[in-house]
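Lettering follows sequence order; numbering is per chain, from 1.
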Amino acid sequence: MNDVHDENKLIAQRREKLAEMRKSGLAFPNDFRRNTLVEPLLQQYGEEDAATVEARNVRVKAAGRLMAKRLMGKASFIHIQDQSGRMQVFLQKDGLPEGVYEHFKQWDIGDIIGVEGTLFRTKTGELSIKASNVRLLTKSLRPLPEKFHGLTDGELRHRQRYVDLVMNDESRRVFRLRIAIIQYIREFLVARGFMEVETPMMQPIPGGARAKPFVTHHNALDMALYLRIAPELYLKRLVVGGFEKVFEINRSFRNEGLSTKHNPEFTMIEFYQAYADHRDLMDLTEELMRGIARDLMGSTTIEHQGRPYDLGPPFRRMTVLESVLHYNPDITADELAERDSAAAVARRLGIPVVAADGLGKIQTEIFEKTVEHRLDEPTFITDYPAEVSPLARRNDDHPFITDRFEFFVGGRELANGFSELNDPEDQAERFRQQAEIKAAGDEEAMHYDADYIRALEYGLPPTAGEGIGIDRLVMFFTDCPSIRDVILFPHLRPET
RNA sequence: GGGCCGUUAGCUCAGUCGGUAGAGCAUUGCACUUUUAAUGCAGUGGUCAUUGGUUCGAAUCCAAUACGGCCCA
């Protein structure tokens, strides 16, 4: 336990009040039962006039955190906040049991309380609860941030998300939306006949992506296990097994630096569909993105970081090479067609090129450096070189490239999908190439996964698969500039 | 990894040229039975991120470190 030595007078005062409560009875009771949240009350009675509300004599029991306290002698107004929202409560000394009002005056903002009373409308028109009784259910020992500005310090908001969520409506909105987006995707796929599955997070051979894994150790088996960098190879094993439409939404882990775009654990959905190709998945992705915008955001035009993005019209589609030429008028197709001239272009752009880099790798690096961040409008980029796509199916007409796409919006890659490589001999050869690169010092290159090859040898039906980065997707739709804004408890350096 | 910026009361922020540490909210006391950033009066509250240096004197100038933010790789 990390002892937090930030005791001050405010906390000491509250501790004393708690000590008094312990002396006079149960300090942390759990026998109060509410019969409603506050938001439904506002929904149901919020529009009715004072006389109608009063005549209904609606008796309610509500509970929540005390967020505002306005004492005026023998009467007080407070606001309580529960999961659904905020509601005002009116307390009068004469309307409460003997002595309760005096106790209430000692309570602090942040305390958790239970309220019993009837609904009424105040002189200024706010639907409120006139309390017939109130109870302190949990004493809060730490003062909340200032009521008007809330908690604005970004570091504190991430480190103490519980305080952020108490104080900031915007933060609650973002995480509710995140949950709704995940739920939407799940229902979208289930409605199309996909099955949600769970595959290993601890893998003996980490596969499915280019990334450095976290390593752990299994004591009983005395062996290394890797936290997965992607679920891909296991999901495709399931398609071999006859689960022809599967998906998994969960965490993957990559042992990389922290930034506004990277968290060591992040949430991804991957889905696989037999008897489909990458073009089918582009259509599906387009429908999904448009659906999230329309059904959850209420409009196909999304405002992100000060600019509108219209997901309504068909998304732009261009190949890697087309996009490089489009955004770099000074580069010619001929220069990109051959390794040495492409390498010269790359060096001119400040991209380091090593001997092991083939033409495909060099083309891709030129694309990443000069095009990716400029892909603002929703765009599918297709035809990635096989050299950088070790799990994707080769194009029938041009085996140099694969039947693969990535989806970009706002200058960020949100999705990556392809027709799956189901030729076990080609896959074995690609693994061997990866193993060579790895042996030459590329830590991110893939391992040779013999069991996966064995699975392919039993026969993977023609299949298309895709992964979508949920955190980045949520950043886009919730208008958040940092991945830390959309992860409840982002990884941070230890507190000092 | 490199550059720039930030760190002052529980929170949000001022702090001039290097000369006794400031405000609002919160909190404490008093008043107040329809307020809503309630109001009025009076108080309390500080390791100025940390360590070292310059100086008669450092929140302020310099250096290093920690954490965070932005930009670049």
Residue whose nearest RNA chain B nucleotide is more 5′ - A:Asp94 or A:Lys261 = A:Asp94

Quantified in whole Å, what is the C1' atom distance between nucleotide B:C25 and nucleotide B:A63?
-> 37 Å

Could you give the distance separating B:A42 and B:A23 at their P atoms, to the nearest angstrom?
-> 13 Å

Answer with yes or no whether A:Gln88 presents, from its side chain, a donor or acceptor under 3.5 Å of a partner atom in the base of B:U35.
-> yes

At under 4.0 Å between heavy atoms, what does A:Gly350 touch on the DNA or RNA strands: base, sugar-phosphate, or nothing?
-> nothing

For A:Asn8 and B:G10, is the shortest distance between a side-chain N/O and OP1 or OP2 below 4.0 Å?
-> yes

Pick the C1' atom in B:U20 and in B:A59, then give their distance to the nearest Å.
-> 13 Å

What string of B, S and - do you get for nucleotides 24-31 of chain B, 5' to 3', when a contact is any protein heavy atom under 4.0 Å?
-> BBSSS---

Output the single nucleotide from B:U35, B:G68, B:C11 whose closest atom is nearest the side chain of A:Phe77.
-> B:U35

Can you tell me, in whole Å, how much space there is between the C1' of B:G68 and that of B:C30?
-> 43 Å

Please tell me if the side chains of A:Lys139 and A:Asp108 come closer than 4.5 Å, counting only heavy atoms from C-beta onward.
-> yes

Determine the contact category for A:Ser128: base if any of its heavy atoms lies under 4.0 Å from a base atom, sugar-phosphate if only primed atoms, P, OP1 or OP2 are that close, otherwise nothing.
-> nothing

Donor on one side chain, acceptor on other, A:Thr152 and A:His149, under 3.5 Å | no

Separation of B:G69 atom P from A:Arg157 atom CZ, nearest Å, is 12 Å

Pick the P atom in B:A26 and in B:U65, then give their distance to the nearest Å.
-> 42 Å

Work out which heavy atom in A:Arg254 is nearest to a heavy atom in A:Ala211; give both atom names and the distance.
-> CD-CB, 3.5 Å

Pairwise C1' distance for B:U27 and B:G45, with rounding to whole Å = 8 Å

Give a yes or no on whether a salt bridge exists between A:Arg135 and A:Asp111, defined as a side-chain N under 4.0 angstrom from a carboxylate O.
-> no

Once you round it to whole Å, what is the distance between C1' of B:G68 and CG of A:Asp485?
-> 13 Å

Could you measure between the two P atoms, the one in B:U47 and the one in B:G2, and give it in whole Å?
-> 33 Å

Nearest-angstrom distance from the residue atom CE of A:Met87 to C1' of B:U35 | 15 Å

Answer with yes or no whether A:Thr152 presents, from its side chain, a donor or acceptor under 3.5 Å of a partner atom in the base of B:U12.
-> no

Taken to the nearest whole Å, CD1/A:Ile483 to P/B:G69 is 13 Å

Between A:Gly154 and A:Pro145, just flag the one whose closest nucleotide in RNA chain B comes earlier from the 5' side.
-> A:Pro145

Please report, rounded to the nearest Å, how far the P atom of B:U33 is from the CZ atom of A:Phe104.
-> 14 Å

For the residue pair A:Tyr448 and A:Gln434, confirm or rule out a side-chain donor-acceptor distance under 3.5 Å.
-> no

Pair A:His278 and A:Phe418, ring centroids less than 6.0 Å apart | no

Examine A:Lys69 relative to A:Phe104 and say whether NZ or CZ is less than 6.0 Å from the centre of the six-membered ring and inside a 45° cone about the ring axis.
-> yes

Is any NZ, NE, NH1 or NH2 atom of the basic residue among A:Glu170 and A:Arg173 found under 4.0 Å from an Asp or Glu carboxylate oxygen of the other?
-> yes

OP1 or OP2 of B:G10 sitting under 4.0 Å from any side-chain N/O of A:Arg142?
-> no

Cation over ring face, A:Arg161 and A:Phe489, 6.0 Å, 45° | no

May I ask you to evaluate whether A:Arg70 reaches the phosphate of B:U34, defined as a side-chain N or O under 4.0 Å from OP1 or OP2?
-> no

Contact class for A:His158 (heavy atom, under 4.0 Å): base, sugar-phosphate, or nothing?
-> nothing

Whole angstrom value for the distance that separates C1' of B:C11 from OH of A:Tyr162 | 15 Å

Any side-chain donor-acceptor pair under 3.5 Å between A:Asn57 and A:Thr118?
-> no

Return the orientation label for the A:Phe380 and A:Phe405 ring planes: parallel under 30°, perpendicular over 60°, tilted otherwise.
-> perpendicular

Quick one: do A:Arg172 and A:Asp164 make a salt bridge, cutoff under 4.0 Å?
-> no

Using a heavy-atom cut-off of under 4.0 Å over every strand shown, decide if A:Arg121 touches base, sugar-phosphate, or nothing.
-> nothing

When you compare B:A66 with B:A73, how far apart are their C1' atoms, in angstrom units rounded to a whole number?
-> 24 Å

Whole Å only: how far is the CG atom of A:Asp153 from the P atom of B:G10?
-> 14 Å

Stem list, RNA chain B (Watson-Crick or G-U pairing under 3.5 Å, at least 3 consecutive pairs) = B:1-7 with B:66-72, B:10-13 with B:22-25, B:27-31 with B:39-43, B:49-53 with B:61-65

Whole-Å gap separating P (B:A73) and CD (A:Glu256) = 18 Å

May I ask you to verify if any side-chain N or O of A:Arg493 is less than 4.0 angstrom from the OP1 or OP2 atom of B:A66?
-> no

